[in-house]
Number of protein chains: 2
Amino acid sequence: MPVTIKDIAKQTDVSHSTVSRALHGSPLIAKNTAERIRQTALELGYFPSAAARSLKTNRSQALGVIVSSVEDPFFSEILQGIEEVAQKSGYSLFMAASQRDPEREQAIVQAMSEHRVDGVIICSASFKAEQRRQFLAYGVPIVVVNNQAAEDYRYSIYHDDVDGSRQITRHLLDLGHRRIAYLGNSSSGRTTLDRLTGFQQEMDTAGLVVPPEHIHEVSGGGPEDGLAGLEHFLALSVRPSALVCFNDMLAIGVLKGLQQAGIQVPNEFSVTGFDNIVFSAFTNPPLTTFDQPKRFIGAEAARLVLELLNTPPAEDSSVQSQVRMLKGRLLVRETTALPAASSPRAPSPVLEPGLPRGNRDYPAGTGTTTRKS
Amino acid sequence: MPVTIKDIAKQTDVSHSTVSRALHGSPLIAKNTAERIRQTALELGYFPSAAARSLKTNRSQALGVIVSSVEDPFFSEILQGIEEVAQKSGYSLFMAASQRDPEREQAIVQAMSEHRVDGVIICSASFKAEQRRQFLAYGVPIVVVNNQAAEDYRYSIYHDDVDGSRQITRHLLDLGHRRIAYLGNSSSGRTTLDRLTGFQQEMDTAGLVVPPEHIHEVSGGGPEDGLAGLEHFLALSVRPSALVCFNDMLAIGVLKGLQQAGIQVPNEFSVTGFDNIVFSAFTNPPLTTFDQPKRFIGAEAARLVLELLNTPPAEDSSVQSQVRMLKGRLLVRETTALPAASSPRAPSPVLEPGLPRGNRDYPAGTGTTTRKS
DNA sequence: GGGATTCGTGCACACGTGTGCATTACCTGT
DNA sequence: ACAGGTAATGCACACGTGTGCACGAATCCC
């Protein structure tokens with residue numbers, strides 16, 4: 001029903017090929033003919049059919065984004081970064097939520113394959129190898145963001161969780177804490193392992209042994225899971241004096257639990273989060289956390305896919321896989337303090353400037369690593 | 001490069017038409033031929049090209065979703081509802097964020113038109129009439145969600161904000177409050193007006209006059225805007241005893257401001273939100289708010305578009321426009337109490353059951369209105 | 001001024017899929 | 001055995017766009 005180039009051709013008494021070329025600014029067409037054609041195209045309200053074009057060019061001008069849950073504010077911000085870059089480059093986004101359900105994943109892969117997306121960005125922890133293979137089978141560049149066994153994919157961009165967790169832990173150590181515990185989220189794959197690793201590395205360096213009951217995992221990443229996880233630690237005979245939480249949402253649940261239990265934060269107990277989601281600045285007290293450059297991560301992921309699109313499969317055999325690792329920064333707010341009956345060691349490393357939201361977009365501390373695979 | 005039906009045709013020694021029919025389960029094809037074809041299709045890893053198909057059928061199997069900001073947790077939940085229904089019906093989603101920027105809106109409309117989306121859902125307050133016209137020009141069903149001058153569109157689905165705001169206000173009146181103020185968000189169009197209307201209606205009914213300085217608007221809907229808005233009220237010579245906030249995010253900022261000012265909530269000051277976003281249950285104290293069935297709203301919007309797709313333009317002249325209005329429910333938590341030095345009037349209408357997150361998806365209190373336009 | 005070159009345009013085919021119509025083979029009834 | 005019918009398949013065109021090639025006309029060179 002919409003206007004086609006044939007309609008324009010009739011109107012201007014030329015062939016449809018001439019119209020096609022004119023609209024593409026081909027130098028073959030006479031200046032005034034082209035102008036006339038462009039004019040009537042505008043008048044008729046013409047816009048090209050992406051379907052027809054992608055049939056010929058094998059380019060759909062669309063990227064697929066797979067996320068585990070739209071609701072998660074962490075992914076929302078990454079999505080935002082992706083969206084900005086894609087839109088600026090004239091790409092549209094196919095979005096789908098896997099809900100960590102393999103069946104849905106399968107359906108999503110199918111749908112995106114059918115729509116012949118030019119590239120895919122995966123922000124889902126639980127993405128199965130089988131689905132990935134189907135994508136690769138038809139030769140689409142894939143970039144994974146965080147939360148993934150990066151080694152399985154050729155291109156990935158992620159945040160240096162080990163480093164972040166070390167900074168968080170060191171901050172607590174510097175304050176004088178000795179009995180520090182870790183609360184993980186078993187459903188987020190490698191991410192929780194990396195953060196645990198950073199935690200343990202720093203405890204090792206400080207010469208401290210972490211008893212096994214000071215490491216606990218829950219099966220989700222929401223506030224309610226944090227609430228549940230806290231109970232484990234409160235029931236211990238030797239309670240920790242500080243708790244490093246896998247992410248901000250868990251920490252928010254923990255804060256609520258502590259308040260219900262009548263335990264003062266940070267005077268009696270210190271808590272840290274991870275990610276710096278918007279609301280972490282508005283808890284009571286405001287949450288000490290690690291600021292991941294979420295938007296920037298998303299933007300980088302989008303840039304990487306687009307880059308891969310423009311460098312055709314010049315990948316013969318000695319393929320280079322690219323992994324970009326971004327660093328964030330520690331954000332000291334008010335849920336951490338010296339432990340009860342102890343003396344301070346060192347001052348807070350970074351005081352948060354201005355509005356308590358953290359920066360939204362910064363390339364500081366970015367590192368790119370290229371390695372053979 | 002991917003496998004086509006022609007490849008399958010060669011492999012099975014039939015024509016491509018036969019393959020096409022076999023894969024569609026046409027009764028014209030012999031049982032065993034069809035089976036053989038389906039088998040080899042599976043072996044070759046065939047999946048149809050959406051581009052080619054939509055070229056013939058004029059169906060792209062994709063819906064466009066336009067949102068003002070991905071970051072807003074309110075939209076995230078609506079998006080979730082849309083996504084679920086769309087996925088279940090085999091539709092993919094084109095997602096784009098307008099950022100309230102007319103230029104971007106234009107680009108989005110263009111991109112979605114080119115991709116020939118089958119339908120559009122708009123969840124953006126500031127969507128210009130011009131863009132809408134371009135959509136209508138090529139005959140795409142449009143459904144708008146909330147936040148919009150619903151009268152401009154034929155199909156819309158929204159939440160009964162007036163009712164919600166009345167319930168919130170009545171709750172405060174029942175507790176004994178008399179000096180109640182309203183904090184709005186000037187950038188969210190009709191929504192803030194509806195909520196203000198509900199507030200004023202209920203105050204009128206109670207025979208109370210609201211002084212103009214007790215109605216204040218800020219230009220955004222984030223926590224930082226709430227913080228700024230609170231200052232206006234604290235500076236008044238006659239302070240209100242309760243504040244009705246446009247949404248939860250403003251309320252969260254207000255809570256922080258009150259805490260900084262050393263004012264006790266709810267003993268010295270009551271605060272209410274609106275929307276029941278996830279984090280409203282985890283503020284300190286937990287926020288009294290109005291629970292919009294966000295997910296359900298999204299799902300209903302998706303259902304409505306799909307429904308419109310399946311009823312071809314049987315719209316001659318006496319067009320029926322459809323407006324579905326959903327109702328939410330009051331969620332009394334702990335930021336509201338009797339005003340200082342006053343006596344109670346009535347008990348809380350609804351006590352929240354179970355986990356303090358509110359329900360996620362319910363059709364209770366749903367009403368559908370159909371009217372001539 | 002005639003052949004070679006450039007410029008502007010149209011013809012025809014291709015991309016992958018769907019479908020009306022024609023064609024063939026086989027079966028049924030008399 | 002032959003007409004008529006049904007079942008199964010292929011042919012050819014269409015959807016809207018892009019592009020190699022050919023063709024005609026104008027221009028240029030010597």
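Residue numbers begin at 1 in each chain, while the letters A, B, ... track the order of the sequences. Everything quoted here is computed from the prediction, not taken from an experiment.
Side-chain atoms of A/Gln61 never come within 3.5 Å of backbone atoms of A/Ala50 as a donor-acceptor pair (strictly under, hydrogens ignored). Not a single donor-acceptor pair under 3.5 Å links the side chain of A/Glu84 to the backbone N or O of A/Ala299.
Counting any heavy atom pair closer than 4.0 Å across all strands shown, B/Thr33 reaches sugar-phosphate atoms only and no base atom. If you check every strand for non-hydrogen atoms under 4.0 Å, B/Asn32 touches nothing. In this structure, B/Asp13 reaches the sugar-phosphate backbone alone: every heavy-atom distance under 4.0 Å involves primed, P, OP1 or OP2 atoms, never a base.
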TODO: Going 5' to 3' through nucleotides 16-24 of chain C, assign each nucleotide B (protein heavy atom under 4.0 Å from a base atom), S (under 4.0 Å only from sugar-phosphate atoms) or - (no protein heavy atom that close).
DONE: BBBBB----
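Listed by first then second residue, pairs satisfying ring-ring contact (aromatic ring centres under 6.0 Å, His included) with a partner in residues 82-125 of chain B read A/Phe94-B/Phe94, B/Phe94-B/His115, not counting sequence neighbours.
A side-chain contact (heavy atoms from CB on, under 4.5 Å) with A/Ile8 is found for one member of A/Thr40, A/Val14, A/Thr18 and no other, namely A/Thr40.
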Enumerate, atom names and distances included, each donor-acceptor pair closer than 3.5 Å involving a side-chain atom of residues 20-36 of chain B, sequence neighbours excluded.
{"residue": "B/Ser26", "atom": "OG", "partner": "B/Leu28", "partner atom": "N", "Å": "3.1"}
{"residue": "B/Arg36", "atom": "NH1", "partner": "B/Thr12", "partner atom": "O", "Å": "3.1"}

